[in-house]
Asks: 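The structure's right below; bear with me while I get my questions together.
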Amino acid sequence: MRAIVIPRHGPPDVFEERDVEERRLSPQDVRVRVEAAGVNFADVMGRVGLYPDAPALPYAPGYEIAGVVEEAGDRVPPSLAPGTRVVAVTRFGGYAERVRVPAYAVAPLPPSVPLPVAAALPVNYLTAHLALVHVGNARPGDRVLVHGGAGGVGLAVLDLARPMGIELYATAGSDEKCRLLEARGVVRAVNYRTTDYEVALREATRQRGFHLVLDPLGPESFAKGLRLLAPLGRIVCYGFSQLVTGRKRNLWHAVTTYLSKHKVNPVTLMNANAGVFGLNLAHLFDERELVTRGLAELVARAADGTVAPTIAATYPLSAAGAAAAHTCLHDRLNVGKLLLVRGA
Ligand SMILES: NC(=O)c1ccc[n+]([C@@H]2O[C@H](COP(=O)([O-])OP(=O)(O)OC[C@H]3O[C@@H](n4cnc5c(N)ncnc54)[C@H](OP(=O)(O)O)[C@@H]3O)[C@@H](O)[C@H]2O)c1
């Protein structure tokens, strides 16, 4: 079958389409024909060579897909029989014609949820839910700051936070993104490229700070985030986009930035009444119940309209499509989710 692989670390045009051998189906697995695959920032980090969990090269990236079951193992429930439209989380391999997935990581889709919408859900919304609600413990009236507010995870956080009565604040990389975020209900969005967001958000919260900061950026924002916390405030760290400086790897920058600056001191945290939590969704993929339940809940909420992912753009499910999507992420142009869609 055809897969879109990263043959070596490099810029977005490094992607190649290749024939790869299909993996044998175990009794608990399904094989899904991919119709839409989500593109995530972690795929970019893997491509440049800054993602420690990435498999050996060459490999096809991709953590989430939607498509149609083509083959099901003997022990797969009838709800996932061949022909069923499904959404799945994948441990790499989503940028491909077909993918093998264990049944616990697959959920059937009702006809009202289009396949591209389904492919936009798992990573962004599971991360947003875990960061905001599960570990972040945000409650009505809380002031929450999310960095990368106009990105895939950022807009999923906004989607979940709005009906909860949370006061959401955000940073983003352009005035246009900030205006859009405020039009959608963010109390104050700050363009970090033109404004010192620490100063601006201190003013915006009338010096009271945040109950929760959601930080996918890295050491610099982490230090500022700690200073912006209200007493008993928490930071959830779930990324290090700041390590990506361009379209190729800059290992020296990565090592010096990360190792020299990212320090958490328990005594400092104790005296500040501050909490720090690290979150890595990919390291939760073996938590079968969490994955199965999380996917089923997301599908139900997409069906009843209580979650609605913002899709920034769709590209063909091809090497050129993957290159274009990754270029868009590097250039920080996306507002919401990028997808690779068969026939787009
Ligand atoms: N730990 C987990 O389980 C988990 C799961 C999902 C995502 N994440 C992390 O969450 C973050 C958002 O992921 P996403 O997939 O939703 O991506 P995204 O936010 O849709 O896209 C990337 C956005 O990040 C911002 N950005 C900040 N620094 C950047 C840099 N050095 N290069 C390029 N863009 C940069 C840009 O927006 P602005 O300029 O407007 O800020 C850009 O548009 C990433 O750090 C990702 O690794 C973590």
Side-chain angles (χ1 to χ4, degrees), residues 1-2 25 28-40 62-91 93-129 152-153 155-160 162-163 184 281 285 288-318 321 325 334-344:
M1 64 117 185
R2 301 290 282 173
L25 212 63
Q28 294 87 359
D29 293 338
V30 293
R31 197 174 320 276
V32 182
R33 187 179 76 240
V34 177
E35 294 293 336
V39 177
N40 288 290
Y63 283 112
E64 57 195 345
I65 58 101
V68 179
V69 175
E70 283 198 338
E71 219 184 319
D74 293 344
R75 294 210 212 127
V76 168
S79 59
L80 297 177
T84 310
R85 297 163 72 254
V86 293
V87 61
V89 291
T90 52
R91 214 173 298 210
Y95 292 21
E97 193 180 351
R98 280 191 290 273
V99 64
R100 180 192 73 168
V101 205
Y104 77 84
V106 185
L109 292 170
S112 62
V113 181
L115 291 170
V117 170
L121 292 171
V123 173
N124 288 169
Y125 277 85
L126 290 175
T127 305
H129 172 77
V153 175
L155 285 172
V157 167
L158 173 58
D159 206 12
L160 298 181
R162 224 172 5 195
R184 289 195 186 187
L281 187 67
F285 282 176
R288 296 178 177 211
E289 208 192 312
L290 185 140
V291 171
T292 307
R293 206 182 49 230
L295 273 183
E297 277 172 21
L298 270 179
V299 169
R301 292 191 63 179
D304 71 17
T306 52
V307 300
T310 300
I311 295 174
T314 59
Y315 299 90
L317 184 59
S318 64
N334 64 304
V335 173
K337 185 80 187 175
L338 299 179
L339 295 171
L340 305 179
V341 177
R342 190 191 283 261

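For the single chain, residues carry numbers from 1 onward in sequence order.
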Asks: Under the side-chain contact (heavy atoms from CB on, under 4.5 Å) rule, what do Leu317 and Arg2 come out as? Steps first, then yes or no, please.
Replies: CA-CA 10 Å; Leu317 184 59; Arg2 301 290 282 173; over 6 Å; no
Asks: Given side chains that start at C-beta, do those of Tyr95 and Val39 come closer than 4.5 Å, heavy atoms only?
Replies: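 In short, these two side chains touch, coming nearer than 4.5 Å.
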Asks: Measure the spacing between CG of Leu126 and CZ of Arg293 and express it to the nearest 0.5 Å.
Replies: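 Reported value, rounded in 0.5 Å steps: 11.0 Å.
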Asks: Taking Lys337 as the fixed residue, which of Thr310, Val153, Thr314, Asn40 is the one that meets the side-chain contact (heavy atoms from CB on, under 4.5 Å) rule?
Replies: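 Single pass found, and it is Asn40.
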Asks: What pair of heavy atoms forms the shortest contact from Ala105 to Val291, and how long is it?
Replies: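 Heavy atoms of Ala105 and Val291 come nearest at CA-CG1, 3.9 Å.
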Asks: Pairing donors with acceptors under 3.5 angstrom, does anything connect the side chains of Glu64 and Asn124?
Replies: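 No.
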Asks: Can you tell me how far CZ of Arg33 sits from CD1 of Ile65, rounded to the nearest 0.5 angstrom?
Replies: 11.0 Å
Asks: Is there side-chain contact between Arg85 and Glu35, with heavy atoms separated by less than 4.5 Å?
Replies: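 When only atoms from C-beta onward are counted, Glu35 and Arg85 do not touch, as no gap falls below 4.5 Å.
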Asks: Should Arg91 and Val101 be marked as a side-chain contact (heavy atoms from CB on, under 4.5 Å) after you check the CA-CA gap, both sets of side-chain angles, and the distance that decides it?
Replies: CA-CA 8 Å; Arg91 214 173 298 210; Val101 205; over 6 Å; no
Asks: Would you say that Val307 contacts Glu297 through its side chain, given a criterion of any heavy-atom pair below 4.5 Å between the two side chains?
Replies: no
Asks: Please report the interatomic distance OG1(Thr306) to CG(Leu160), rounded to the nearest 0.5 Å.
Replies: 9.0 Å
Asks: Where the side chain of Thr84 meets the backbone of Ala81, is there a donor-acceptor pair that is under 3.5 Å apart?
Replies: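 A pair under 3.5 Å: yes.
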Asks: Using a 4.5 Å cut-off on heavy atoms from C-beta on, say whether the side chain of Arg184 contacts that of Leu155.
Replies: yes
Asks: I'd like to check Pro309 versus Tyr125 (side-chain heavy atoms, cut-off strictly below 4.5 Å). Are they in contact?
Replies: yes
Asks: Rounded to the nearest 0.5 Å, how far apart are CD of Glu70 and CE of Met1?
Replies: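 Answer for the CD-CE pair, Glu70 versus Met1, is 10.5 Å.
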Asks: Under the side-chain hydrogen bond (donor to acceptor under 3.5 Å, both in side chains) definition, can you give me all pairs with a residue in residues 97-110, not counting sequence neighbours?
Replies: Glu22-Arg98
Asks: State the CG-CG distance between Asp74 and Asp29, to the nearest 0.5 angstrom.
Replies: 11.0 Å
Asks: Would you be so kind as to tabulate the donor-acceptor pairs closer than 3.5 Å made by side chains of residues 107-121, with sequence neighbours excluded?
Replies:
none

Asks: Answer yes or no: is there a side-chain heavy-atom contact under 4.5 Å between Val30 and Val86?
Replies: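 The answer is no, as the side chains (C-beta and beyond) never meet within the 4.5 Å cut-off.
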